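Below, all heavy atoms of this structure are taken into account, side chains as well, without hydrogens, waters or symmetry copies. For the single chain, residues carry numbers from 1 onward in sequence order. Indexing begins at 1, ligand by ligand and atom by atom, following the structure's order. These numbers were taken from a predicted model, which means no experiment stands behind them.
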Amino acid sequence: MKRIVLIALALLLSGQAQASRIKPRKPKNIILMIGDGTGLVHLYAAYTALGGHLNIYSFAEAIGLSITSSSDDYITDSAAGATAFSTGQKTKNGMIGMGPDTIAIETISELAFRKGKSTGAVVTCELPHATPASFYSHQPSRKMYPEIVADLTKNKAASMLIGGGLPYFDTVALRKAGYSVSIGLAAMQNNNGSRQVCFIDTLKEPLPAPLRGPSLVQGCGHAIKQLSKNKKGFFLMVEGSQIDWGAHNNDSAHTIAEAIDFDQAAGEVLRWAKQDKNTLVIITADHECGGLTLHGYDAINHRPVMHFSSGHHTAEPVPVYAFGPGSETFSGVYQNTAIYHKMVKLLGL
Ligand code: MG
Ligand code: ZN
């Protein structure tokens, strides 16, 4: 009897050892979705306001926690937060696509492009803003808009940029650099250039949701349609940029509207990825903003009673939701820089 138990135990252990040796499935494409300033609670507030539904919750196959501190601060800003994802290195707050020593680091977008993939970014802020800039620019300060615009214009790695900030750009220079430029969502749908900059409007900063319209959902659809033409695959960064802005202003309605907009875009992305079967979708945040807690249910406005304890970012670790091939590697608790290393490994870059 004792021997049978021992044999059974040995078989069980060897089975477990084998299971842990199974290599994760490798995706051809990665879509990294960043909800700027979006903690656990921001999305749960959207889930509550939507009557108990969220695309992100329905699709998530693995969940992890990302520790967001920067190289020089317990609390990160969006530049250092995005640079952790784009380069795998912690940097100082305010810095874009470089380490604390101000030496530029090749970003995952540039690396993916060098290996033959297409890359792009879809955002609801102006394109030179910290998060998208961190994937295509290398500057010591996020405030250096003219330099960042020059980097975005000349960076060959970007084949699809969708967002705001038209007044910051020289469209003649963009066209000269090989971009097909369109303004507005209708014009975006008809933009068939192999490299595109699609401005969602003519403003410096795009309007808040829902006034902005479905630019994030449609931008994701358009970017996927174009980028997936590349047989070698693509890397796309999508940002719900203004969830953070709503939280900085302690504006419950804006925060929820932006979180819902982000989830709708996630639904568009996740439904496509489910059909495609070769795409890993990672949905996370650069940091929490507002120190948001929910104190009850507001039956008049059909949303939770939201209490912001801060007008700034906080140090809270943020959730990472993953779907598709390789998603299992995102379980656990890790530094934000690990997301870069997992992505590069899975894409075989
Ligand atoms: Mg941002
Ligand atoms: Zn912020």
Participant: Val320 pairs by side-chain contact (heavy atoms from CB on, under 4.5 Å) with which of Ser327, Ser331, Ser66?
Facilitator: Ser66
Participant: Could you tell me if the ring centre of Phe169 sits under 6.0 Å from that of Phe199?
Facilitator: yes
Participant: Do Lys342 and Tyr334 meet the cation-pi criteria used here (NZ or CZ under 6.0 Å from the six-membered ring centre, within 45° of the axis)?
Facilitator: yes
Participant: Between Gln189 and Ala186, is there a donor-acceptor pair closer than 3.5 Å when you use the side chain of the first and the backbone of the second?
Facilitator: no
Participant: Taking only Lys NZ, Arg NE, NH1 and NH2, and the carboxylate oxygens of Asp or Glu, determine whether Asp276 and Lys28 approach each other closer than 4.0 Å.
Facilitator: no
Participant: Could you check, using the six-membered ring where one of them is a Trp, whether Tyr168 and Tyr145 have ring centers closer than 6.0 angstrom?
Facilitator: yes
Participant: Is any side-chain N of the basic residue among Asp261 and Arg212 closer than 4.0 Å to the acidic one's carboxylate O?
Facilitator: yes
Participant: Tell me whether Lys231 at atom NZ has more than 12 heavy atoms from other residues, nucleotides or ligands lying less than 6.0 Å away.
Facilitator: no
Participant: In terms of side-chain geometry, is the basic nitrogen of Arg114 or Glu106 positioned less than 4.0 Å from the acidic oxygen of its partner?
Facilitator: yes
Participant: Could you give me a count of protein N/O/S atoms that are under 2.8 Å from the Zn ion (ligand 2)?
Facilitator: 4
Participant: Tally of protein N/O/S atoms under 2.8 Å from the Mg ion (ligand 1)?
Facilitator: 3
